[in-house]
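See structure below.
The chain is numbered in sequence order, starting from 1. Heavy atoms only: backbone and side chains are in, while hydrogens, waters and symmetry mates are out.
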Amino acid sequence: MVVCGDDGLAHRLAAELRGVYREQVVLVVPPAGRRVRQPVVGRARAASAALLDRVVTAVNRGNGGFDGTPAPGERVVEAAEPTEAVLAEAGVERAAALALVYDDDETNIRAALTARRLNPRLRIVLRLYNRRLGQHIEELLDQAAELADPDAQGRHGPGGDASTTVLSDADTAAPALVGTALVGTNKVVDAGGLLLRAVERRPPEPGQVADPGLCTLALLSATSNDPAGAEGSEDSGEQGPQLLPDAAAVAAATGRGTVVLEQVSYSGPPLPAGRARVPPFASLFSRRLRWSLAGLVAAVVALAVALTVVTRDHPLHATYVTLLDLFAINEPAHHESTGRQVLQLLSGLVGLLLLPVLLAAVLEALGTFRTASALRKPPRGLSGHVVLLGLGKIGTRVLTRLRELHIPVVCVEADPEARGMATARRLRVPVVLGDVTQEGVLEAAKIHRADVLLALTSADTTNLEAVLYARSVRPDLRVVLRLYDDDFAKAVYRTLRTAHPGALTRSRSVSHLAAPAFAGSMMGRQILGAIPVERRVLLFAAVVVGGHPQLEGKTVGEAFRAGAWRVLALDTAASASGGERGEERSGAAAGSGLVWDLPDTYVLRAGDRVVLAATRRGLAELLGRRGRERAET
């Protein structure tokens, strides 16, 4: 496996492939001065006693704390860019898979085109932020692989040896970050119409039975203090979280919270188009101006009625004459009755009042259209909203998800040219421009009346400083931090939880959330998403049953392995059809081509395509490349 990158995701991905899948890895990274510290997978580190010491450590790591010593089973190649010579030195011609996880889309695309030419049978995983461009690049690279190697036709495409998979760390991490911010700490996995939500539920009261949902995904830690000291990670021991427990374990786990799976669908209105929305007619004018216009219209109607009564003229003609008097274009009523003359004078007076009102209406309408595409300010009475810090790649994706869920958001961004500013304008989300570390910026975002703070800037110290200040303003504020280093995230989580036991605190490392999906794609499987369960990760993957003896020919009940993997649904669109299976599928809840609640007696056949929930090690054991090679030999 060859991994090329310039940030923490590359090191985390290499650690996943080594520690979970037992693969030999060649890591291509920039020179030592530009590298970050290599993460450790599967081994807890001792937390420092003081949070300030961890902050200093994180800053030092950001300046290049990686010592350059490769881990066992890993070879490191130093190169500023993944040129053809660098890829050849890394052994791309002989590699099974290549991951290009540079932060720049153009660098990843250029290297992918070169790698496909060097090895047409190479499995490529790309990190691209632009989703539309990613779809075209994926099709282009797959087509190039088929043309370069016609004999390998059939091995290309999803799950094939020469497949191309385009992923985004922002898309992978955004559902988890959004879910953590919601009440109940929901976790969401979204994959092209498939929307799953993992919900944390408190232990049921004595005599009550908890709703299992579609299935029980995990049992949470037995104690809130986590006696193993690893905060719900793989090293938590028996008191830590248990992923994919069987029915007996769930029944015996009294007093422990659970994570259950629910299927949800988004039924709200679609997102607005790319251009700024035209404001509604009522918003063009202020309320005071609308009342003024209504009063003038009522005055005109009253004058027309009075003229009809005085002159006994036809109502339409009386209205016409009143308008002529209103705009001062009628002849003076010298020889008319006194009543007619009085009405003409009143009409002229109303006309004088109408001119400034019309001018104000024109100016307000022009001002509304000018500011329709500009940044909005937080409304005065706003409360119960989410304050989002940072509109970079991650922040933009999270903002879009929050608006899809109709959650009020106020963004804070220091750079007027940030990536997500256009999205904020399009969605008409209030934005406060300014450095979050400066006094008054969070106050302008109405942090004292907010429910959640999402600190998603690219600087760990900025996120931490904002959270600490927000907690000083409102101690019960629910906060979610994006932290670069996973070990640093653990230390911050512990300290904030101890200092503020009554408030919900979550610290998330984007590389920790995204790396399992990238690693699974390198192993040749379709990863639908990842859900964090405390400090562990549960993967959702789409798998074809054929070629996997643990699944093929077995019932759903026999294929389930507690703590490793579990079959959740059957994809009817991709699975082989069979008339004899119609009775077994009856009664199952189907949606979006997926059949849920499969009976334990359902027999999995080679042509079936199923959705699995699995741990990282369980998925590596079930679908690992080395396991298949041993089976073939």
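Residues L17 and M522 are in side-chain contact: their nearest non-hydrogen atoms beyond the backbone lie under 4.5 Å apart. Annotation: side chain of R419 is in contact with side chain of K393 (closest heavy-atom distance under 4.5 Å). The shortest distance between side-chain heavy atoms of L27 and V77 does not fall below 4.5 Å. Side chains of T423 and T400 form a contact here, defined as non-hydrogen atoms less than 4.5 Å apart. Residues M421 and E413 are in side-chain contact: their nearest non-hydrogen atoms beyond the backbone lie under 4.5 Å apart. Side-chain contact between V125 and V101 is absent, with no heavy atoms from C-beta onward closer than 4.5 Å. The side-chain heavy atoms of L454 and L402, taken from C-beta on, include a pair separated by under 4.5 Å. Side-chain contact between L113 and L140 is present, with heavy atoms from C-beta onward closer than 4.5 Å.
Looking at R116, its side chain does come within 3.5 Å of a backbone N or O of P120 through a donor-acceptor pair. No donor-acceptor pair under 3.5 Å is formed between the side chain of R397 and the backbone N or O of R401. Put simply, the side chain of N119 gets close to the backbone of V92: a donor and an acceptor are under 3.5 Å apart. Under the 3.5 Å distance criterion, the side-chain polar atoms of N463 are left unmatched by any main-chain donor or acceptor of L481. Side-chain N or O atoms of N108 include one that pairs as donor or acceptor with a backbone N or O of Y102 at under 3.5 Å.
A distance of 8.0 Å separates CZ in R132 from CG in N130, rounded to the nearest 0.5 Å. Rounded to the nearest 0.5 Å, atoms CG (L100) and CG (L128) are 9.0 Å apart. For the atom pair E16 CD and L9 CG, the distance stands at 10.0 Å (nearest 0.5 Å). With rounding to the nearest 0.5 Å, the separation of CG in L244 from CH2 in W565 is 10.5 Å. Distance check: E138 CD to L133 CG gives 11.5 Å after rounding to the nearest 0.5 Å. The CG atom of L453 sits 7.0 Å away from atom CG of L442, with the distance rounded to the nearest 0.5 Å.
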Exercise. Could you go step by step and tell me if L477 and V452 meet the side chain to side chain contact (heavy atoms under 4.5 Å, CB included) rule?
Worked result: CA-CA 6 Å; L477 182 68; V452 185; 5.7 Å; no

For this session: Let me see the working for L399 and C411 under side chain to side chain contact (heavy atoms under 4.5 Å, CB included), right down to the final yes or no.
Result: CA-CA 8 Å; L399 173 61; C411 299; 3.9 Å; yes

For this session: Give the C-alpha distance, both sets of side-chain angles, the deciding distance and a yes or no for salt bridge (charged side-chain N to carboxylate O under 4.0 Å, His left out) between R482 and D460.
Result: CA-CA 7 Å; R482 170 199 174 187; D460 286 3; over 6 Å; no

Problem set entry | side chain to side chain contact (heavy atoms under 4.5 Å, CB included) between T462 and T437, intermediate numbers included | CA-CA 7 Å; T462 300; T437 60; 4.1 Å; yes

For this session: Decide side chain to side chain contact (heavy atoms under 4.5 Å, CB included) for R75 and Q24; before the verdict, give the C-alpha distance in whole Å, the side-chain angles of both, and the deciding distance to 0.1 Å.
Result: CA-CA 8 Å; R75 182 167 66 92; Q24 294 183 351; over 6 Å; no

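Minimum heavy-atom separation, T396 to G420: OG1-CA, 3.1 Å. Contact detail for A112 and I124: the closest heavy-atom pair is O-CD1, 3.9 Å. The two residues H548 and L622 have their closest heavy-atom pair at ND1-O, 3.9 Å. Pairing each heavy atom of L243 with each of A218, the nearest pair is CD2-CB, 3.6 Å. Between I394 and L456, the closest heavy-atom pair is CG2-CD1, 4.4 Å. For the residue pair E78 and P30, the shortest heavy atom distance occurs at CG-O, 4.4 Å.
Taking the ring axis of F518 as reference, the NZ or CZ atom of R12 does not stay both within 45° of it and closer than 6.0 Å to the ring centre.
For the residue pair R110 and T83, no side-chain donor N or O sits within less than 3.5 Å of a side-chain acceptor on the partner.
Ion pairing of R127 with D7 is present here, as a side-chain N (NZ or NE/NH1/NH2) and a carboxylate O approach within less than 4.0 Å.
At most 12 non-hydrogen atoms from other residues, nucleotides or ligands lie less than 6.0 angstrom from CD of Q143.
D142 pairs in a side chain to side chain contact (heavy atoms under 4.5 Å, CB included) with only one of the listed residues (I137, T164, T165), which is T164.
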